[in-house]
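Quick notes on the structure that follows.
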Amino acid sequence: MASHMRLVLHFLLLFIFAVQEVRLVCVEVASDTEAIIGRVMKLTCSYCMKREEIPAETKVDWFFTGEDKRKVLIYQYDREPQEPKDVEMYWKGRLTWNGSKDLQDVSISILNVTLKDSGTYECEVSRFFEFDSYKHSTTKKTTINLRVKMKASEDTAALYSEIMMYVLLVFLTFWLLMEMIYCYRKISKSEEQMQDTAY
């Protein structure tokens with residue numbers, strides 16, 4: 001009994017240490033490219049660090065290029081999320097930081113989307129690493145071509161998924177009913193045989 005208890009305690013300790021070693025995983029996901037007027041639109045930008053144990057200073061610049069082909073700085077992160085000092089009045093108060101604390105997700109959101117928000121957004125992430133003997137920097141650019149629509153378009157994959165779900169639900173219900181009938185008949189026959197052998 002004592003050896004069994006000791007084995008359980010060893011597994012419990014192993015489990016506790018294994019759970020402590022679990023870390024979040026960063027996955028780079030493409031941003032949505034369709035927005036709906038009047039809603040909030042998240043512009044997804046991520047830059048996963050390959051070696052998290054190496055500290056890095058991160059700077060993020062978000063740019064917008066509209067129909068006039070002018071590239072404008074609309075939002076930035078430099079030690080904290082902020083609007084640029086000379087941001088155009090159109091963007092003031094309409095953008096919010098939607099990134100993570102570890103700065104692997106550096107996304108922003110557009111509040112109250114309008115037709116003028118259609119255009120090209122560019123997320124430029126710069127990381128600065130400082131080692132004992134040298135400094136190193138990397139930059140990653142992500143481009144998002146956003147189209148603003150009056151209403152959401154039909155998602156055919158969602159429609160097919162819903163149809164398949166109902167077909168599967170009907171099929172499984174029918175199969176379950178057939179199994180219940182089969183089991184009921186089998187039990188009835190078994191009871192009849194027991195009654196026949198009892199007489």
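The side chain to side chain contact (heavy atoms under 4.5 Å, CB included) check on Arg70 picks up Asp68, Val72, Glu88, with sequence neighbours excluded. Shown here are the side-chain hydrogen bond (donor to acceptor under 3.5 Å, both in side chains) partners of Arg39, two or more places apart in sequence or in another chain: there are none. With sequence neighbours left out, the side chain to side chain contact (heavy atoms under 4.5 Å, CB included) criterion links Thr139 to Glu124, Ser126. Under the rule for a salt bridge (charged side-chain N to carboxylate O under 4.0 Å, His left out), the partners of Arg94 that lie at least two apart in sequence or sit in another chain are Asp117. Evaluation of the side-chain hydrogen bond (donor to acceptor under 3.5 Å, both in side chains) rule for Asp78 yields no partner, not counting sequence neighbours.
Contact check for Thr120 versus Ile144: no side-chain heavy atoms found under the 4.5 Å cut-off. Between Met41 and Asp32 there is a side-chain heavy-atom pair separated by less than 4.5 Å. Contact check for Ile74 versus Pro84: no side-chain heavy atoms found under the 4.5 Å cut-off. At a threshold of 4.5 Å between non-hydrogen side-chain atoms, the residues Thr65 and Glu122 do not count as touching. Here the side chains of Phe129 and Lys135 are not in contact, with every heavy-atom distance at 4.5 Å or above. Proximity of Tyr75 to Val60: side-chain heavy atoms (C-beta onward) are nowhere separated by under 4.5 Å. Considering only heavy atoms from C-beta on, Val87 stays 4.5 Å or farther from Leu73 through its side chain.
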Q: Report the C-alpha distance between Lys140 and Glu28 in whole Å, list the side-chain angles of each, state the deciding distance to 0.1 Å, and finish with yes or no for side chain to side chain contact (heavy atoms under 4.5 Å, CB included).
A: CA-CA 12 Å; Lys140 178 187 176 195; Glu28 295 185 12; 2.7 Å; yes
Q. Are Tyr90 and Thr114 close enough, and set up right, to give a side chain to side chain contact (heavy atoms under 4.5 Å, CB included), and what steps lead you there?
A. CA-CA 11 Å; Tyr90 177 75; Thr114 67; 2.5 Å; yes
Q. Between Ile37 and Val148, is a side chain to side chain contact (heavy atoms under 4.5 Å, CB included) present by the stated rule, with each step listed?
A. CA-CA 7 Å; Ile37 288 181; Val148 177; 3.6 Å; yes
Q) Could you walk me through whether Lys42 and Ser107 pass the side chain to side chain contact (heavy atoms under 4.5 Å, CB included) check? A) CA-CA 7 Å; Lys42 181 179 179 181; Ser107 305; 3.6 Å; yes
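Here the OG1-CG distance, from Thr44 to Asn98, works out to 8.0 Å after rounding to the nearest 0.5 Å. To the nearest 0.5 Å, atoms SG (Cys123) and NZ (Lys141) are separated by 11.0 Å. Rounding to the nearest 0.5 Å places CH2 of Trp62 at 9.5 Å from OH of Tyr121. A distance of 12.0 Å separates SG of Cys48 from CG of Leu103, quoted to the nearest 0.5 Å. Taking CG of Leu168 as the start and OG of Ser161 as the end, the distance is 12.0 Å to the nearest 0.5 Å. Annotation: the span from Glu80 atom CD to Trp97 atom CH2 amounts to 11.5 Å, rounded to 0.5 Å.
Residues Leu115 and Leu146 share a hydrophobic cluster, clusters being chains of Ile/Leu/Val/Met/Phe/Trp/Tyr side chains in contact below 4.5 Å. There is no path of hydrophobic side-chain contacts, each under 4.5 Å, that joins Ile36 to Ile110. There is no path of hydrophobic side-chain contacts, each under 4.5 Å, that joins Leu95 to Val40. In the hydrophobic clustering of this structure, Val106 does not group with Met49; members are Ile, Leu, Val, Met, Phe, Trp, Tyr whose side-chain heavy atoms approach within less than 4.5 Å, directly or through other members. Taking hydrophobic clusters as Ile, Leu, Val, Met, Phe, Trp and Tyr residues chained together by side-chain heavy-atom distances below 4.5 Å, Tyr77 does not share a cluster with Phe63.
Between Thr58 and Tyr47, the side chains place no donor N or O within less than 3.5 Å of an acceptor N or O (distance only, hydrogens not considered). Side chains of Asp105 and Ser46: a donor-acceptor N/O pair is absent below 3.5 angstrom, by distance only.
Minimum interatomic distance between Leu43 and Ser31 (heavy atoms only, all atoms of both residues): CA-OG, 3.6 Å.
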I'd like a table of donor-acceptor pairs (distance under 3.5 Å, sequence neighbours excluded) in which one partner is a side-chain atom from residues 172-192, with atom names and distances.
residue	atom	partner	partner atom	Å
Thr173	OG1	Leu169	O	2.7
Ser188	OG	Tyr184	O	3.0

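In summary, of the residues considered (Arg79, Arg127, Glu130), a side-chain contact (heavy atoms from CB on, under 4.5 Å) with Glu57 occurs for Arg79 alone.
The ring of Trp91 has its center closer than 6.0 angstrom to the ring center of Phe64.
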